[in-house]
Amino acid sequence: MPFILDLYTILHDNWLLLLIGSYPNGPLGGIVCTLILSVVGIGLAFPLSVLMAMARLSPWRLLRWPATALVYVVRGVPLLMVILWVYFLVPVLIGRNVSGFTTMLCTLVIYEGAYLSEVVRAGIQALPRGQMEAARALGHSHLGAMWSVILPQALYNMLPSMLSQFVSTIKETTLGYVINVQELTFAANQINNQLLTKPFHVFFILAVSYFVVCWSLTQLTQWLERRIASKRRGIAPKPSTKARAASVTLESPT
Amino acid sequence: MKDFDLLAILLNPEFGGMLVHGVVLTLVIAIGSWLLAMTLALVLLTLRLTPSKLLQHTVAAYVSYHRNVPTLVQLMLWYFGISSLFPDSVQGWLSEHGGEALFSILALGLCQAAYFSEDLRSGLRSIPDGQAEAARALGHGFVSSMRHVLMPQAVRNAVPALVNHSVSLFKNSSLAMAIGVAELTHAVKEIESQSFRAFESYAVATVLYLVISLLIMACGAWLGKRYRIAEAK
Amino acid sequence: MITFSNVNKWYGDYRALTDINAEVKKGEVVVVCGPSGSGKSTLIRTVNRLEEIKSGQLLFDGHDIQAPMSSYQLNQLRSRIGFVFQSFNLFPHLSVLENIMLSPMKVRGIRRADAKTRAMELLERVGLSAKASAYPAQLSGGQQQRVAIARALAMEPPAMLFDEPTSALDPEMVGEVLAVMRGLAKDGMTMMCVTHEMNFAREVADRVWFMDAGCILETAAPETFFRSPQHPRAQRFLSDLRSH
């Protein structure tokens with residue numbers, strides 16, 4: 001089948017570009033860039049999201065309102081707009097220009113920070129009230145209770161949802177293409193602009209690559225969900241206070 | 001911030017025109033793809049409920065593809081990839097008659113259909129078994145049970161998820177910019193490059209997006225309340 | 001030890017607690033009973049401020065609970081009031097031993113080794129030393145509640161509050177929890193229990209408070225209360241119980 005042969009040829013000629021971009025003759029790119037961007041992005045977004053979730057649940061308006069406002073704004077505005085804002089504001093704030101990579105990273109941290117904070121918030125609110133009450137009754141402070149009792153449980157229960165968000169982050173990195181970040185989609189477009197005659201093949205390869213990565217991670221998420229559900233299935237006391245941490249999937253389909 | 005001048009953007013006829021055109025295109029793409037997505041989602045759901053294993057797996061594969069491949073890549077695959085497979089005459093016709101917008105609606109609609117069908121499926125699954133049994137006990141056939149008893153409840157259960165994904169759909173309209181559609185984000189970027197007033201132009205677009213997103217979310221809240229009141233009766 | 005003076009609590013028009021005047025003396029065991037909705041749970045939860053009162057005064061071991069204090073002082077005060085919940089509320093992500101050790105370490109700053117020793121002693125006392133490294137999900141309801149009691153005891157409180165400790169248990173497990181509570185009473189612990197277990201009240205309580213509609217309608221020694229209740233509502237309550 002000529003189609004498969006063409007795919008093989010394209011892959012054979014360009015696999016390095018797809019993998020690591022034009023490194024070492026340029027910045028690190030390709031799928032490695034995509035993964036680094038995603039991992040660092042969500043890694044930095046995570047502590048931010050915990051802080052924002054706690055701010056949203058805080059009894060102090062001064063903390064609650066800005067956090068809630070930020071989450072609503074990020075949820076209501078396209079990722080591209082956030083990219084444009086960050087692209088414009090970061091040089092203004094820092095005083096010098098930044099690379100597309102840095103811009104994309106900052107965007108992802110803010111964007112995913114807001115979405116992740118909703119996941120964390122759902123996890124905290126899904127725990128039975130009795131947990132916080134028991135901790136407070138024993139004399140723990142609010143923050144102490146959060147640290148020792150609430151967050152360990154909430155974050156563990158929400159691991160599948162957080163992994164889902166990681167998959168979303170990988171998908172969101174594709175928008176770096178618009179500001180010339182040399183990630184996988186950019187690499188694919190480079191190849192297409194060189195070849196010009198086989199656009200379908202190139203983009204087919206691109207789609208399949210993302211599919212493989214995201215699908216595997218989604219399978220991992222589902223396995224994790226099953227494992228956590230079976231671990232948490234304990235003996236519930238009679239007045240059914242079951243802690244069903246609803247798996248909130250806030251995948252933003254970008 | 002140096003001389004923040006919003007009116008320079010809004011009152012300038014050229015920029016104003018670009019903005020309006022951008023908003024119109026954004027809405028056209030959003031509404032068009034929403035209708036496509038909803039219709040297709042219902043079809044997918046129906047197919048999934050048939051006893052045919054082949055159809056069930058096909059739908060599952062469709063959903064899996066559209067959820068694991070980034071939307072931008074799907075859009076590129078359609079616009080750059082699949083369009084190249086059409087005969088030249090069709091390609092010519094398309095590029096003259098707003099092919100970019102059409103492909104955007106197609107790609108975004110197909111993508112969201114996967115999410116909507118999963119939302120409806122979850123909504124269906126969360127109905128207690130007793131409902132279907134009661135419907136059958138009263139004599140309803142499969143179609144009638146679906147139409148009168150199960151689907152209305154499924155939709156009600158699915159409203160929050162559907163609203164969330166509708167907002168995502170609306171936001172995804174901005175992706176069309178990557179294939180040259182002059183929707184709102186594209187318009188604002190153009191204005192910025194011409195006027196150098198990034199803050200003002202971006203602010204306008206942000207407010208517009210926010211207003212519409214919040215409207216969609218408010219619609220959802222209203223729908224949710226309306227259904228709850230109906231249940232309380 | 002625990003003194004309620006003119007304690008009132010209301011939400012809008014609804015009066016949850018009305019003019020509560022009562023005292024739990026040191027070493028005393030008080031059982032609070034009454035029909036559901038009588039306010040007994042609310043009453044016991046006001047002592048460590050899980051519920052707030054609107055007016056009146058509440059003294060615990062000489063401290064005014066309502067006095068303005070820093071959150072640190074409130075937490076320290078709370079840690080001295082042992083509270084056992086109806087739904088146990090053990091921390092599922094920690095082992096049994098860790099559940100008991102956590103608060104002495106984090107709230108009182110006790111060293112890990114000392115906390116561990118004390119925790120093992122307490123587990124021994126409630127009869128569960130074999131389960132030290134198990135997780136709450138692996139224990140039966142009765143075992144979980146006994147761990148919850150040990151967890152509260154770890155803070156060495158001068159008094160223990162029990163909010164319907166056996167209501168969520170299957171009948172065959174009620175006995176093991178009541179046995180622990182009996183042991184505590186025998187050792188001279190000041191206890192205030194909201195419970196439906198009338199036999200326990202008869203055997204262990206020094207006094208019974210009967211509540212209905214937010215008021216304490218009758219207080220008496222258990223024998224007196226169960227044999228000849230004075231208040232008509234109390235009479236009705238006891239006859240309803242007996243007719244099972």
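Chain A is the first sequence line, chain B the second, and so forth, proteins listed ahead of strands; every chain is numbered from 1.
- Rounded to the nearest 0.5 Å, atoms CG (A:Leu19) and CG (A:Asn14) are 12.0 Å apart.
- Ranked by heavy-atom pairs under 4.5 Å with chain B, the list A:Asn189, A:Val178, A:Leu184, A:Thr173 is led by A:Asn189.
- Note that the OG atom of B:Ser168 and the CD atom of B:Gln112 stand 6.0 Å from one another [nearest 0.5 Å].
- Ranked by non-hydrogen atom pairs under 4.5 Å with chain B, the options A:Phe211, A:Tyr177, A:Phe204 are led by A:Phe211.
- Between B:Leu36 and B:Leu108, every side-chain heavy-atom pair lies at or beyond the 4.5 Å cut-off.
- Open room surrounds CG on A:Asn97; 12 or fewer heavy atoms of other groups in view lie less than 6.0 Å from it.
- For residues 80-90 of chain B, a heavy-atom distance under 4.5 Å to chain A picks out B:Phe80, B:Gly81, B:Ile82, B:Ser84, B:Leu85, given by residue number.
- Aromatic ring orientation, A:Trp85 versus B:Phe199: perpendicular (interplanar angle above 60°, classes split at 30° and 60°).
- Within the 4.5 Å cutoff, the side chain of A:Leu206 has no heavy atoms near those of the A:Asn192 side chain.
- A:Tyr72 OH: 12 or fewer foreign heavy atoms inside a 6.0 Å radius.
- Two residues are said to be in side-chain contact when any heavy atoms from C-beta on lie closer than 4.5 Å; A:Ser168 and A:Glu112 meet this criterion.
- When heavy atoms are compared at a cutoff of 4.5 Å, B:Leu77 approaches chain A by way of both its backbone and its side chain.
- Of the listed residues A:Ile170, A:Thr218, A:Val77, the one with more heavy-atom pairs under 4.5 angstrom with chain B than any other is A:Val77.
- In this structure a side-chain-to-backbone donor-acceptor pair under 3.5 Å is present from B:Thr26 to B:Leu184.
- Among the residues in residues 100-107 of chain B, none has a non-hydrogen atom closer than 4.5 angstrom to a non-hydrogen atom of chain A.
- Residues B:Glu118 and B:Arg48 meet the side-chain proximity criterion, which asks for heavy atoms closer than 4.5 Å.
- The aromatic rings of A:Tyr115 and A:Tyr111 sit tilted relative to each other, their planes meeting at an angle between 30° and 60°.
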